[in-house]
Amino acid sequence: MSHSKDNRHVHAPSPKDHSVSDHCRKYGISPDEERKLRKLLGSHAPLHEIHANHTSKQPKFR
């Protein structure tokens, strides 16, 4: 008797973790905000988590 493989299960790899400190340096996020993110997420986190949890910069008016 032959076993068939279930083709309905799709394996989606998890997103790659990024360094929170490097991300904050790259995007000019304040050290206080970086500290908050590292406390919340740890030193490495998926990019979508970092973006979802940091506050956006104030707009620059001309």
Worksheet item: Rounded to the nearest 0.5 Å, how far apart are CG of Asp17 and CG of Leu47?
Response: 10.0 Å
Worksheet, complete the sentence: Applying side-chain contact (heavy atoms from CB on, under 4.5 Å) to Asn53 and not counting sequence neighbours gives Leu37, Leu40, Leu41, Glu49
Discussion item. I need the minimum non-hydrogen distance between His54 and Glu33, along with the two atoms involved.
Written reply: CA-OE2, 3.4 Å
Worksheet entry | Residue list, side-chain contact (heavy atoms from CB on, under 4.5 Å) with Ser43, at least two apart or on another chain | none
Item to complete: State the NZ-OG distance between Lys26 and Ser21, to the nearest 0.5 angstrom.
Response: 14.5 Å
Discussion item. Could you check whether any side-chain heavy atom of Val20 comes within less than 4.5 Å of a side-chain heavy atom of His44, counting everything from C-beta outward?
Written reply: no
Discussion item. Going by salt bridge (Lys or Arg N to Asp or Glu O under 4.0 Å), name the pairs with one or both residues in residues 38-47, residues two or more places apart or in two chains.
Written reply: Glu34-Arg38
